[in-house]
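Nothing here was measured: the structure is a model prediction, and the numbers come from that model.
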Amino acid sequence: MKQHVLNIGSDDATVTVAVAMLSLLCTCGAITLTPSANGNSNLHPLILIPGAGGNQLEAKLTQDYKASSFVCNSWYPLFKKKNGWFRLWFDSSVLLSPFTKCFADRMMLHYNQDRDDYFNTPGVLTRVPHFGSTSSLLYLNPRLKYVTEYMASLVNSLEKLGYIEGETLFGAPYDFRYGLAGEGHPCEVGSKFLEDLKNLIEEASASNGGKEVILVSHSLGGLFALELLNRNDPSWSRKFIKHLVALSAPWGGAMDEMLTFASGNTLGVPLVDPLIVRPQQRSSESNLWLLPNPKVYGHHQKLLITENRSYSAHDMPDFLIDIGFLEGVYPYKTRILPLIENLKAPEQVPITCVIGSGVRTPEILFYRNGDFDEGPEILYGDGDGTVNMVSLLALQSLVGEDNKNQSIKVIKIDGVSHVSILKDEVALEQIIGEISRINSHHSHTGFGNIFVGR
């Protein structure tokens with residue numbers, strides 16, 4: 001492997017995760033599901049769980065909102081609904097200065113140590129539109145379909161298989177800025193999402209004759225799905241869950257998150273200054289969750305190197321202090337570490353991990369002069385361009401082949417990146433093929449690895 005000069009841009013869909021820090025408590029109301037009368041009656045109901053940045057978000061400003069500039073107060077956003085709600089994610093005006101700063105301020109989360117939880121910026125209300133539907137997962141901005149496509153190709157492939165929106169096919173969007181915490185810690189938004197997801201699973205099953213549900217997650221959505229399964233009794237999973245198909249799941253976090261915290265990360269979005277969005281990215285609870293897991297990356301692997309010291313996954317509190325993000329240390333140590341140290345596979349739930357490989361992925365960051373405002377040199381390794389291979393394979397590695405209560409299958413697809421897995425023809429063929437096999441009751445048992453080349 002060669003050492004390369006910084007390339008913050010990713011070959012992932014440029015807009016999909018650009019400020020991957022917003023997620024939202026579903027305030028859309030109850031969902032009414034009706035039994036399927038059309039389509040393929042042999043299909044198990046299926047719920048799509050997006051990753052960070054993978055669904056639309058809306059916001060509304062109240063009198064408590066204090067704008068950071070005249071522009072933010074008077075001109076941004078340019079378009080609002082009659083009731084004051086507007087599109088927060090994804091809005092193309094984020095690409096234009098000074099609107100980038102307005103956007104980042106409104107996306108910011110704040111940790112309150114006395115209440116031990118995260119909250120929106122005062123005066124900013126947020127909501128996730130269309131919970132239960134796939135409509136907010138197709139395109140992050142329906143007016144910009146070409147550049148903001150997310151799950152449209154996957155949904156189209158599922159519909160060709162016979163799935164029908166609202167009958168056998170559902171979506172579970174959420175506020176992806178928020179995450180979860182270890183046992184005993186309040187987590188209002190993240191916990192409410194798990195509750196809503198659980199109810200959606202039960203309703204989807206009931207409206208399809210009691211059939212178990214297939215969960216298909218992407219990226220961060222896989223971590224939420226895993227926590228849902230582990231936080232419920234195995235008897236509930238046996239009754240309601242047929243299979244988890246996890247696409248590009250960062251089970252052990254990602255090195256790319258250290259770059260985000262240290263220097264900000266545009267994720268390929270043009271015209272955006274990473275230092276402007278860095279404070280908002282650091283404030284995201286889910287981004288703390290996605291820092292490299294010590295249980296996966298270990299003590300000895302150096303992830304970031306400066307002139308004065310190096311950092312492994314076990315040095316995250318020191319790393320946060322040294323980059324100047326002191327306010328992240330306490331929630332990381334008290335809320336995140338207990339959560340990620342308990343990483344485990346759920347009992348008796350078959351899992352298929354579909355991952356990309358052979359895409360150069362940040363493995364070690366070099367800050368020669370110790371200036372985190374400057375981009376680092378990067379040593380690349382294997383992964384999907386965003387998540388390292390050790391993390392993509394972490395769940396299988398932790399379970400071990402001697403665990404007879406757990407079935408994990410891994411499908412590696414060469415040359416497919418973290419987000420392109422949702423639209424690449426070869427990847428979609430493998431994903432739809434796996435879902436077809438699951439519906440045919442040919443669920444995989446035990447361990448297995450499949451490599452798909454080009």
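For the atom pair R106 CZ and L125 CG, the distance stands at 12.0 Å (nearest 0.5 Å). Taking OG1 of T361 as the reference point, atom CE of M389 lies at 7.5 Å (rounded to 0.5 Å). For the atom pair CZ of F170 and CD1 of I201, the computed distance is 11.5 Å after rounding to the nearest 0.5 Å. Summarising the geometry, atom CD belonging to E434 is positioned 3.5 Å from atom NZ belonging to K409; distances are rounded to the nearest 0.5 Å.
In this structure, E195 does not pair ionically with K192, as no charged nitrogen and carboxylate oxygen lie closer than 4.0 Å. For the pair D384 and K412, the salt-bridge criterion is not met [side-chain N within less than 4.0 Å of a carboxylate O].
Residues S312 and D315 bring a donor and an acceptor atom of their side chains to less than 3.5 Å of each other. A donor and an acceptor atom, one from each side chain of D116 and Y330, are nowhere located under 3.5 Å apart. Judged purely by distance below 3.5 Å, without hydrogens or angles, the side chains of H110 and T121 pair a donor atom with an acceptor atom.
The closest donor-acceptor contact from the side chain of D256 to the backbone of P362 lies at 3.5 Å or more, if one exists at all. Side chain of T260 to main chain of N265: no donor-acceptor pair is present (N/O by atom type, distance under 3.5 Å, no hydrogens or angles). T148 contributes a side-chain N or O that, together with a main-chain N or O of L144, makes up a donor-acceptor pair within less than 3.5 Å. At distances below 3.5 Å, not a single donor-acceptor pair connects side-chain atoms of E347 with backbone N or O atoms of D233. The closest donor-acceptor contact from the side chain of E327 to the backbone of Y111 lies at 3.5 Å or more, if one exists at all. At distances below 3.5 Å, at least one donor-acceptor pair connects side-chain atoms of K295 with backbone N or O atoms of L343.
N388 meets the side chain to side chain donor-acceptor pair (under 3.5 Å) test with Y297; sequence neighbours excluded. With sequence neighbours excluded, no residue forms a side chain to side chain donor-acceptor pair (under 3.5 Å) with N112. For S219, the side chain to side chain donor-acceptor pair (under 3.5 Å) criterion is met by H418, not counting sequence neighbours.
For E429, the CD atom is loosely surrounded, since the number of other residues' heavy atoms within 6.0 Å does not exceed 12.
Because its NZ or CZ atom is both nearer than 6.0 Å to the ring centre of Y311 and within 45° of the ring axis, R309 counts as a cation-pi partner of that residue.
Checked against the 6.0 Å centroid threshold, Y367 and F372 count as a close aromatic pair.
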